[in-house]
Amino acid sequence: MTYRKYGLSYPWNFIEDVLQQPINPQIDPEEIANGFIHLMMMVVPERSRNMIKLKYRAGFTHAMIARQFGISSHTVGLIIQKEMRRLRHPRYSIFLLEGYTAGIEWERAEWERQNALHEARRIPDTTSDSIEGNLLDIDDPYERIDAIFERGGDDEIWYLDIDTRTTGVLNRNGIEYVWQLCFCTEESLLCLRDVGSRTFERIEEALNKWNLALDDGLIEDVEGWDEYVQYAVNKMSGQPCNNQ
């Protein structure tokens with residue numbers, strides 16, 4: 001069905017709504033279509049994908065969609081708008097602006113650039129069992145949080161260079177930054193949706209590469225760790241630090 005508002009068929013009507021501008025006619029439509037498919041499968045949760053399809057492909061109103069999912073029409077609107085805002089982020093919108101190949105190349109360039117930054121700040125002698133090298137050897141929770149941020153904790157998850165699917169799974173579970181991942185225990189991580197044994201192995205491999213690790217219970221048991229995280233974030237960004 002053609003989306004009545006624009007007279008465009010799916011997914012082009014949705015793509016233009018996300019971009020808030022016409023699709024670039026100089027870009028191969030197949031490239032943009034492949035970029036769209038990539039984002040929908042790797043970034044957008046299944047429930048939200050189904051809502052988007054009902055609205056933009058089937059022409060359902062928010063009220064009709066709400067009845068399908070047993071929620072309010074207002075909630076439907078909020079969910080769809082949230083996903084559209086997410087896809088407008090530069091790291092995602094490039095797939096719709098310039099196509100799948102350009103998006104993958106941009107991601108790869110960013111990974112290489114960020115990996116170089118990671119490499120430059122890795123702590124020396126990281127293969128030893130010293131306090132400096134093994135994150136889990138740090139018994140003071142605040143010192144461990146400092147070490148996490150010194151090793152790239154303020155970076156976004158996808159800078160770890162995990163595969164796209166795993167990055168998408170973490171993002172959909174609300175884990176967007178490296179420090180958030182490092183604060184997960186093995187048990188809590190395996191309880192997340194779509195995190196199975198193979199996904200868990202990929203995450204551990206990526207963390208080990210940068211001398212990071214999941215929490216062994218030290219951090220989650222400390223009262224006020226969230227306030228200290230804000231202090232650490234401010235310290236890394238050069239902002240005034242009011243909490244210590």
Side-chain angles (χ1 to χ4, degrees), residues 42-43 89 91 107 110-244:
M42 300 301 179
V43 178
H89 189 285
R91 74 173 181 264
E107 278 190 352
E110 280 297 302
W111 279 331
E112 291 176 353
R113 183 182 69 83
Q114 203 63 32
N115 286 347
L117 293 176
H118 278 305
E119 193 67 38
R121 64 186 175 193
R122 290 180 77 174
I123 296 175
D125 195 24
T126 53
T127 58
S128 73
D129 292 328
S130 65
I131 293 296
E132 291 79 7
N134 191 330
L135 187 68
L136 298 182
D137 282 344
I138 302 177
D139 297 325
D140 183 289
Y142 302 109
E143 289 183 7
R144 186 181 292 184
I145 291 172
D146 284 341
I148 289 170
F149 279 90
E150 288 168 1
R151 304 179 194 191
D154 55 329
D155 290 328
E156 293 179 65
I157 283 294
W158 64 286
Y159 288 141
L160 289 175
D161 202 8
I162 315 176
D163 64 280
T164 306
R165 179 193 174 280
T166 302
T167 300
V169 167
L170 291 172
N171 286 166
R172 289 195 295 273
N173 280 287
I175 300 176
E176 299 182 0
Y177 294 93
V178 173
W179 69 265
Q180 292 174 314
L181 181 57
C182 291
F183 287 10
C184 291
T185 62
E186 178 177 347
E187 181 180 6
S188 65
L189 191 61
L190 287 171
C191 286
L192 297 179
R193 184 178 181 182
D194 297 328
V195 177
S197 59
R198 182 59 187 137
T199 300
F200 179 80
E201 289 174 5
R202 293 192 186 103
I203 291 170
E204 279 206 312
E205 289 172 2
L207 289 175
N208 289 337
K209 179 180 179 181
W210 302 112
N211 306 302
L212 294 166
L214 297 171
D215 184 29
D216 57 0
L218 178 70
I219 295 176
E220 71 170 0
D221 289 339
V222 174
E223 184 177 355
W225 66 262
D226 50 342
E227 295 180 1
Y228 192 79
V229 166
Q230 186 58 57
Y231 161 73
V233 169
N234 291 340
K235 184 169 65 173
M236 291 297 297
S237 64
Q239 298 178 20
C241 301
N242 299 319
N243 302 321
Q244 295 192 37

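Not a single side-chain hydrogen bond (donor to acceptor under 3.5 Å, both in side chains) links T164 to another residue, sequence neighbours left out. For R202, the salt bridge (charged side-chain N to carboxylate O under 4.0 Å, His left out) criterion is met by D163, not counting sequence neighbours. Contacts of Q180 classified as side-chain hydrogen bond (donor to acceptor under 3.5 Å, both in side chains), with partners at least two apart in sequence or in another chain: none. Not counting sequence neighbours, D140 has no partner by the salt bridge (charged side-chain N to carboxylate O under 4.0 Å, His left out) test.
Legend: side chain to side chain donor-acceptor pair (under 3.5 Å) pairs involving residues 169-178, not counting sequence neighbours, sorted by first then second residue: Y92-N171.
How far CD1 of I175 is from CD1 of I157: 6.5 Å, rounded to the nearest 0.5 Å. Distance check: E107 CD to D161 CG gives 9.5 Å after rounding to the nearest 0.5 Å. Annotation: the span from L160 atom CG to E205 atom CD amounts to 12.5 Å, rounded to 0.5 Å. How far CZ of R151 is from NZ of K209: 15.5 Å, rounded to the nearest 0.5 Å. Here CG of L212 is found 11.0 Å from CZ of F149. Values are rounded to the nearest 0.5 Å. For the atom pair N211 CG and E150 CD, the distance stands at 12.5 Å (nearest 0.5 Å).
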Could you list the donor-acceptor pairs under 3.5 angstrom formed between side-chain atoms of residues 191-200 and any protein atom two or more places apart in sequence or on another chain?
{"from": "R198", "atom 1": "NH1", "to": "E201", "atom 2": "OE1", "distance (Å)": "3.0"}
{"from": "T199", "atom 1": "OG1", "to": "R165", "atom 2": "NH1", "distance (Å)": "3.2"}

> Could you go step by step and tell me if L135 and I148 meet the side-chain contact (heavy atoms from CB on, under 4.5 Å) rule?
Replying inline: CA-CA 8 Å; L135 187 68; I148 289 170; 3.9 Å; yes
>> Apply side-chain contact (heavy atoms from CB on, under 4.5 Å) to residues I145 and W179 and explain how you reach the verdict.
In response: CA-CA 8 Å; I145 291 172; W179 69 265; over 6 Å; no
> Does the side-chain contact (heavy atoms from CB on, under 4.5 Å) test come out yes or no for R144 and D216, once each step is laid out?
Replying inline: CA-CA 11 Å; R144 186 181 292 184; D216 57 0; 2.8 Å; yes
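A 4.5 Å side-chain heavy-atom check between I203 and L170 finds at least one atom pair inside the cut-off. By the 4.5 Å heavy-atom criterion applied to side chains, T185 and L214 are not counted as neighbours.
Looking at every heavy atom in both residues, A206 comes nearest to I162 through CB-CG1, 3.6 Å.
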